[in-house]
Amino acid sequence: MLIDRAIPVALQVLQANLPILSRVAAERKRLENWLRLEMLKILMKEYPSIEIEKGLPGGQERCDFWLMESETLQNWLELKLCVTNYCSRYCTNTSRRPITNQISEIERDLRKLERLPETQSRNILLIAYPFPDSSETQPQWLPHLARLKTAAGQVSEVFTVQLEHNGNFARAVAYSLAPKRAAA
């Protein structure tokens, strides 16, 4: 499935570009378009027919990555980056994007993917940053994570990347989310 390949590709891109990610995180910026293109460069080698910004059936909405894996399996993958206001010592400014709005965007994407047939692979790869440089989850993040767990059928932490900027440390944490299955 595309999500299974996209996770290590995202990690590879982020680790290969740690100075960029560390600075962007310190400035509380999102780099979603850049990350999508860097991932595409790698994924196209394995999946030449992969598409970006594929329109969903029956509407105007789009999905970041789409791949027809077999004659019957379509893969839909959204890439989301969520900037937090955590780690004030690490960051040079505060986020102008309220985290509640960003979580609402992810919930909207989950609902968008829920409308696709269950026979298709539907996932979101979420990367949230900055977090404290420890294994503990930022306490303020827990209610947001709970919202995502309520909205999604599955939420799994898939990797962590250590960040360093001007002698301060933080983390980026990635999650795989799958929409709920339709009620029978």
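With values rounded to the nearest 0.5 angstrom, Leu81 atom CG is found 7.5 Å from Arg30 atom CZ. To the nearest 0.5 Å, atoms NE2 (His165) and OG (Ser22) are separated by 8.5 Å. With rounding to the nearest 0.5 Å, the separation of OG1 in Thr72 from CD in Gln120 is 10.0 Å.
For Met1, the CE atom sits in a loose shell: 12 or fewer heavy atoms of surrounding residues, nucleotides or ligands are nearer than 6.0 Å. Other residues, nucleotides and ligands contribute at most 12 non-hydrogen atoms within 6.0 Å of the CZ atom of Arg23.
A heavy-atom distance below 4.5 Å is found between the side chains of Leu18 and Leu163. Inter-residue side-chain proximity for Leu35 and Ile127 is flagged as met; some heavy-atom pair is nearer than 4.5 Å.
Within the structure, ring pair (Phe, Tyr, Trp, His ring centres under 6.0 Å) contacts touching residues 114-133 (residues at least two apart or in different chains) are Tyr86-Phe131, Phe131-Trp141.
Checked by atom type and distance alone, the side chain of Arg171 never pairs as donor or acceptor with a backbone atom of Val161 at under 3.5 Å. With hydrogens and angles disregarded, a donor-acceptor distance shorter than 3.5 Å links the side chain of Lys112 to the backbone of Arg62.
The side-chain hydrogen bond (donor to acceptor under 3.5 Å, both in side chains) with Trp66 is formed by just one residue from the set Gln74, Glu53, Glu51; it is Gln74. Checking Ile106, Val158, Asp109 one by one against Leu126, the side-chain contact (heavy atoms from CB on, under 4.5 Å) holds for a single residue, Ile106.
Minimum interatomic distance between Arg122 and Lys180 (heavy atoms only, all atoms of both residues): NH2-O, 3.6 Å. What you find for Arg28 and Cys87 is that their closest heavy atoms are NH2-O, 3.9 Å. Residue Pro130 comes nearest to Cys91 through the heavy atom pair CG-SG, 3.5 Å, listed as atom of the first residue, atom of the second, then distance. Between Ile52 and Leu37, the shortest heavy-atom contact is CD1-CD2, 4.2 Å. The heavy-atom pair separating Leu113 from Glu78 by the smallest distance is CD1-CG, 4.3 Å. Of all non-hydrogen atoms in Asn123 and Ser176, the two that sit nearest each other are OD1-OG, 4.4 Å.
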Determine, step by step, whether Glu38 and Lys41 satisfy the salt bridge (Lys or Arg N to Asp or Glu O under 4.0 Å) criterion, reporting the C-alpha distance in whole Å, the side-chain angles of both residues, the deciding distance to 0.1 Å, and the verdict.
CA-CA 5 Å; Glu38 291 298 314; Lys41 285 184 207 177; 3.0 Å; yes

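In the hydrophobic clustering of this structure, Leu110 groups with Tyr175; members are Ile, Leu, Val, Met, Phe, Trp, Tyr whose side-chain heavy atoms approach within less than 4.5 Å, directly or through other members. Clustering ILVMFWY residues whenever any of their side-chain heavy atoms sit less than 4.5 angstrom apart, transitively, puts Val24 in the very cluster that holds Tyr90. At a threshold of 4.5 Å between side-chain heavy atoms, the hydrophobic network of Ile, Leu, Val, Met, Phe, Trp and Tyr places Leu40 and Ile20 in one connected group. Residues Val83 and Ile99 do not share a hydrophobic cluster, defined by chaining ILVMFWY side chains whose heavy atoms lie under 4.5 Å apart. The hydrophobic cluster containing Phe65 does not contain Leu116, counting ILVMFWY residues as joined when their side-chain heavy atoms lie under 4.5 angstrom apart, directly or transitively.
In this structure Thr92 satisfies the side chain to side chain donor-acceptor pair (under 3.5 Å) test with no other residue, sequence neighbours excluded.
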Distance-only check: which donor-acceptor pairs under 3.5 Å involve side-chain atoms of residues 2-15, not counting sequence neighbours?
{"from": "Arg5", "atom 1": "NE", "to": "Glu46", "atom 2": "OE1", "distance (Å)": "2.6"}

